[in-house]
Amino acid sequence: MSRFFATGSDSESETSSEEEPTPRAPAPAFTFSDEEEDTKRVVRSAKEKRYEDLMNTIKQIRNFKKIKDMSSMLSSFEDLMRAYTKAIPVINKEENGVTPRFYLRCLVELEDFISEVWEDREGRKNMSKNNSKSLSSLRQKLRKYNKDFEEDIAKFRENPDVADEDEEQPKSDADDDDGSDSSMDWDDDSDSSSSDSDDDIPGMSIRDRFLKSRTTGDKGDDEERKERKKERKEKDRKKARRDEEEDDDDEGPWVAVRGGVALPSEKPKMFPKDAEVDIPLVVKKLNEIVAARGKKRTDRREQIDLLHELQTIADQHHLGVAVDIKIKLAIISSIFDYNPKVSDVMKPEYWAKLLERISETLDLLMATPEITIGELVTDENENLEKPPYRIRGCVLTVVERLDEEFIKLLKECDPHSNEYVQRLTDEKRVANIIDKVQEFLERQKVPTDLCRIYLRKIEHLYYKFDPNVLKQKKGELPATEVTSVQIMDKLCKFIYDKDVTDRLRTRAILSHVYHHALHDNWFQARDLILMSHLQEAIQHSDPPTQILYNRTMAHLGLCAFRHANIKDAHNCLVDLMMTGKVKELLAQGLLPQRQHERSKEQEKVEKQRQMPFHMHINLELLECVYLVSAMLIEIPYMAAHEFDARRRMISKTFYQQLRSSERQSLVGPPESMREHVVAASKAMRNGNWALCKDLIINDKMNAKVWDLFYESDRVRGMLGRLIKEESLRTYLFTYSHVYDSISMDTLAKMFELDKPIVHSIISKMIINEELMASLDDPTQTVVMHRSEPSRLQSLALQLTDKVYNFVDSNERIFETKQGNFFLRGGNQGQFRQNYNRQDWNRQRRENRAY
């Protein structure tokens with residue numbers, strides 16, 4: 001059988017070939033010279049080619065400008081500069097060296113766009129790193145490049161509305177000689193006429209006509225001209241609409257619609273010329289303007305202008321106080337809504353307008369007692385014509401929003417600049433507004449609203465120091481004079497009584513404690529914080545309340561320190577200082593990010609919670625007070641338990657500072673605050689109180705820390721006395737085994753203390769069994785019992801304790817492995833173990849007595 005018949009018989013192959021014809025390779029297409037002659041090439045001049053390159057690049061720049069793609073815009077601008085460099089010979093030849101107008105328009109638009117983006121600080125912050133870097137590069141290159149076109153750009157800016165077609169543009173072969181716009185629009189009748197004229201050309205085939213129309217339709221210049229023509233027509237339409245709006249003879253409401261979408265850029269006409277302006281008509285127009293609030297294409301600035309214009313019309317027609325207040329409230333809301341983002345900071349000019357409008361509104365409210373304003377008043381129940389007036393609105397919400405905007409303004413300013421000081425002067429105006437709202441709400445007597453406005457006043461008052469409080473304590477001022485402590489007491493007690501939410505009460509308590517601690521009312525502050533039990537549930541509160549709690553505990557610790565309550569001061573500050581994130585806990589800044597500790601969103605939220613600079617607590621002062629308190633507690637304790645193996649650590653942070661100092665091979669004179677405290681601790685450990693005091697209280701430490709206290713001389717005197725007393729205790733703990741007896745006169749002279757104070761300190765040590773000694777009153781001496789073990793005995797006792805622990809743990813492990821072997825004969829093993837422990841303890845007591 002031949003290999004050609006492997007798939008079946010002849011008949012089968014024939015039928016299959018008939019049913020399914022095998023595909024054949026296509027015949028090669030040969031190109032003849034006749035066809036080459038039929039295809040016509042489009043020949044363009046050098047001017048057309050260079051101008052088309054410029055136009056295409058300009059289109060790209062405009063597209064990237066819409067989406068604010070700075071990186072792509074930078075690369076396109078570089079391409080544009082290269083394309084213009086190539087086109088310079090053509091421009092010199094065709095335009096006599098005059099820069100084309102469309103190119104100047106591109107440079108001007110780009111310059112204005114870059115300036116607008118650069119001034120938008122918040123927008124730049126939200127840019128990606130690549131876009132932000134490209135923006136800076138593009139700004140520098142554009143400023144440098146535009147210097148070569150300064151005169152041309154200045155002339156262009158004088159008359160920017162002249163169309164680019166007035167300049168000589170490149171014309172394609174298919175364009176008409178007159179260069180009119182009719183040849184650029186495919187929908188115009190001139191196109192059909194030109195095509196008809198083309199049909200009349202003798203010898204032109206259908207294919208030639210098709211190719212000609214195709215090449216002329218693909219021109220980049222035609223598309224650019226179409227776009228400019230549409231823009232020019234749009235400007236003409238807008239101008240015609242403005243002229244119609246300015247015409248007073250027109251009647252009917254303002255409607256500007258294109259394709260069913262309202263045009264936000266067109267200003268509505270208020271009222272027709274012959275219309276009777278009354279309250280219903282003004283309210284209707286007000287609702288019409290306010291209805292556009294928050295919509296996508298609403299021009300916020302224009303909305304503010306419209307409301308001001310409406311207010312002017314209402315004032316001219318004397319429509320009454322109620323209408324005036326309602327319009328002013330709408331203006332205030334529109335100013336608040338000017339920033340599209342809540343996190344954005346209000347511009348200074350709008351902030352000034354806001355303060356003026358709110359002050360005017362409150363003055364009208366205070367001058368008209370028959371006005372009722374609230375959120376419970378519906379639109380149907382409003383009464384704007386006759387007293388008693390009823391207006392829908394909420395003054396309290398306005399003031400709360402105003403306070404938040406003020407805090408944001410302070411956060412945005414550089415705290416070390418004059419701008420911050422100038423902005424801080426507005427706090428007086430804000431406080432006056434809060435006082436007016438408080439007076440207005442007190443007339444309405446709504447407890448929930450009063451609690452909210454009282455808390456706003458408390459938050460502007462609690463962190464401010466009033467020297468009259470301390471003068472009143474000393475009797476320098478009469479008791480009848482009202483101080484900030486009395487105002488805080490009144491406001492907070494009202495909130496304690498009337499508040500139905502835990503948050504307001506919690507914040508009021510913390511602010512009250514803060515204010516007491518700031519004015520050295522230690523016992524009132526301590527009792528209030530203990531009675532509130534906030535320490536137990538503060539972790540469930542919102543972050544701003546937790547920040548306020550941390551700030552309160554910090555000032556409570558400072559107050560305890562000023563009152564010489566060192567242990568209380570240490571206990572108040574230890575939770576803050578042990579974390580190492582004091583700045584974050586007090587909302588005074590953010591530490592550098594470590595290993596993606598927080599995302600950008602979390603960082604943004606935490607920045608919004610930061611406290612303004614004038615409310616900050618000095619962190620160096622706080623740390624110094626904590627370390628000095630730890631030194632006064634820790635050093636005597638270390639001396640008393642030098643050989644105790646089970647000695648506990650009171651202050652971890654203080655221990656870390658001591659250990660880091662001990663690890664250093666060479667310790668120089670102290671420079672920073674921490675080094676001063678560490679060096680003073682070492683001096684106290686040796687009983688050298690004079691050196692310790694000099695290291696803590698000196699000119700450098702006074703300038704950094706102690707001068708920041710009110711009545712700093714009293715604080716330094718208190719601190720020197722505590723250093724002497726704790727140095728005496730440390731000396732007795734360290735060197736008691738050296739003395740058989742020691743005179744109290746000697747100790748008083750050695751530490752420059754009064755004899756009664758020395759007597760009191762030693763008596764307390766004996767009573768607390770810290771010092772094994774007794775007092776001999778006739779001779780005024782301290783007789784040592786010498787019952788404390790020597791250094792060798794103490795080390796031996798430590799060794800025995802460790803050996804005992806080792807043996808005990810070894811026996812427990814052995815019992816576990818052997819299956820409680822000692823318990824087989826009843827409790828014999830346990831009895832034997834207890835007996836061994838009792839014998840061991842008895843032997844230790846005998847050794848200690850020996």
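The basis for the numbers below is simple: all heavy atoms, side chains too, and nothing from hydrogens, waters or symmetry mates.
Each of Arg429, Arg423, Gln422 was evaluated against Asp426; a single residue qualifies, Arg423, per the side chain to side chain donor-acceptor pair (under 3.5 Å) test.
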(Q) I'd like to know whether Ile91 forms a side-chain contact (heavy atoms from CB on, under 4.5 Å) with Tyr84, so could you lay out the CA-CA distance, the side-chain angles of the two residues, the decisive distance to 0.1 Å, and finally the verdict. (A) CA-CA 9 Å; Ile91 294 172; Tyr84 184 79; 3.4 Å; yes

(Q) Go through it in stages, so that I can follow the logic: the residues are Val117 and Met70, the test is side-chain contact (heavy atoms from CB on, under 4.5 Å), and I'd like the CA-CA distance, side-chain angles, deciding distance and then a yes or no. (A) CA-CA 10 Å; Val117 175; Met70 299 299 168; 3.8 Å; yes

Q: List the steps, then state whether side-chain contact (heavy atoms from CB on, under 4.5 Å) holds for Phe77 with Tyr145.
A: CA-CA 10 Å; Phe77 179 69; Tyr145 186 70; 3.9 Å; yes

Q.
For a side-chain contact (heavy atoms from CB on, under 4.5 Å) check, start with the C-alpha distance between Lys411 and Phe613, then their side-chain angles and the critical distance, and finish with the verdict.
A. CA-CA 8 Å; Lys411 292 178 186 176; Phe613 182 75; over 6 Å; no

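For the residue pair Asp69 and Ser72, the shortest heavy atom distance occurs at OD2-OG, 2.7 Å. When all heavy atoms of Thr361 and Arg357 are compared, the pair lying nearest together is OG1-O, 2.7 Å. The heavy-atom pair separating Lys65 from Met73 by the smallest distance is CA-CE, 3.3 Å. Across Asp344 and Lys408, no two heavy atoms sit closer than the pair O-NZ, 3.4 Å. Contact record, Val277 with Leu281: CA-CD2, 4.1 Å, taken as the closest heavy-atom pair. The minimum heavy-atom distance between Ile327 and Val282, with the atom names listed, is CD1-CG1, 4.0 Å.
Among residues two or more places apart in sequence or in another chain, the side-chain hydrogen bond (donor to acceptor under 3.5 Å, both in side chains) test is passed with Glu111 by Asn146, Arg157.
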Side-chain donor-acceptor pairs of residues 329-339 under 3.5 Å, sequence neighbours excluded:
from	atom 1	to	atom 2	distance (Å)
Ser333	OG	Leu329	O	3.1
Ser334	OG	Ala330	O	3.3
Ser334	OG	Ile331	O	2.6
Asp337	OD2	Arg293	NE	2.3
Asp337	OD2	Arg293	NH2	2.9
Tyr338	OH	Arg301	NH2	3.1
Asn339	ND2	Val345	O	3.3

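Taking the centre of each ring, Phe149 and Phe156 stay at or above the 6.0 Å mark.
A 4.5 Å side-chain heavy-atom check between Leu590 and Gln610 finds at least one atom pair inside the cut-off. Between Leu402 and Leu355 the shortest side-chain heavy-atom distance falls below 4.5 Å. Counting heavy atoms from C-beta outward, Lys86 and Asp53 have side chains that stay 4.5 Å or more apart. The closest side-chain heavy-atom distance from Leu80 to Tyr103 is below 4.5 Å.
Note that CD of Glu606 and CD of Gln608 are 10.5 Å apart. Values are rounded to the nearest 0.5 Å. Atoms CD and CD1, from Glu309 and Ile313 in turn, are 5.0 Å apart once rounded to the nearest 0.5 Å. For the atom pair Leu107 CG and Asp148 CG, the distance stands at 10.5 Å (nearest 0.5 Å). The distance from atom CG of Asn131 to atom CG of Leu74, rounded to the nearest 0.5 Å, is 10.5 Å. Note that CD1 of Ile289 is 12.0 Å distant from CD1 of Ile304, once rounded to the nearest 0.5 Å. Taking CG of Leu104 as the start and CG of Asp152 as the end, the distance is 5.5 Å to the nearest 0.5 Å.
Looking only at atom types and distance, the side chain of Asp79 has no donor-acceptor partner in the side chain of Thr57 under 3.5 Å away.
Residues in residues 132-142 take part in these side-chain hydrogen bond (donor to acceptor under 3.5 Å, both in side chains) pairs, two or more places apart or across chains: Glu78-Lys141.
With Tyr350 as the aromatic partner, Lys353 meets the cation-pi criteria of under 6.0 angstrom to the ring centre and within 45 degrees of the ring axis.
The aromatic rings of Phe406 and Trp351 sit parallel to each other, their planes meeting at less than 30°, with 60° as the upper class boundary.
Side chain of Asn92 to backbone of Ile88: a donor-acceptor contact under 3.5 angstrom is found. Panel note: side chain Ser417, backbone Cys413; no donor-acceptor pair is recorded below 3.5 Å.
Residue Asp414 qualifies as enclosed at atom CG: its count of foreign heavy atoms under 6.0 Å is above 12. When the shell of 6.0 Å around CD of Glu601 is examined, it contains 12 or fewer heavy atoms from other residues, nucleotides or ligands.
Ion pairing between Glu405 and Arg401 holds under the 4.0 Å rule for side-chain N and carboxylate O.
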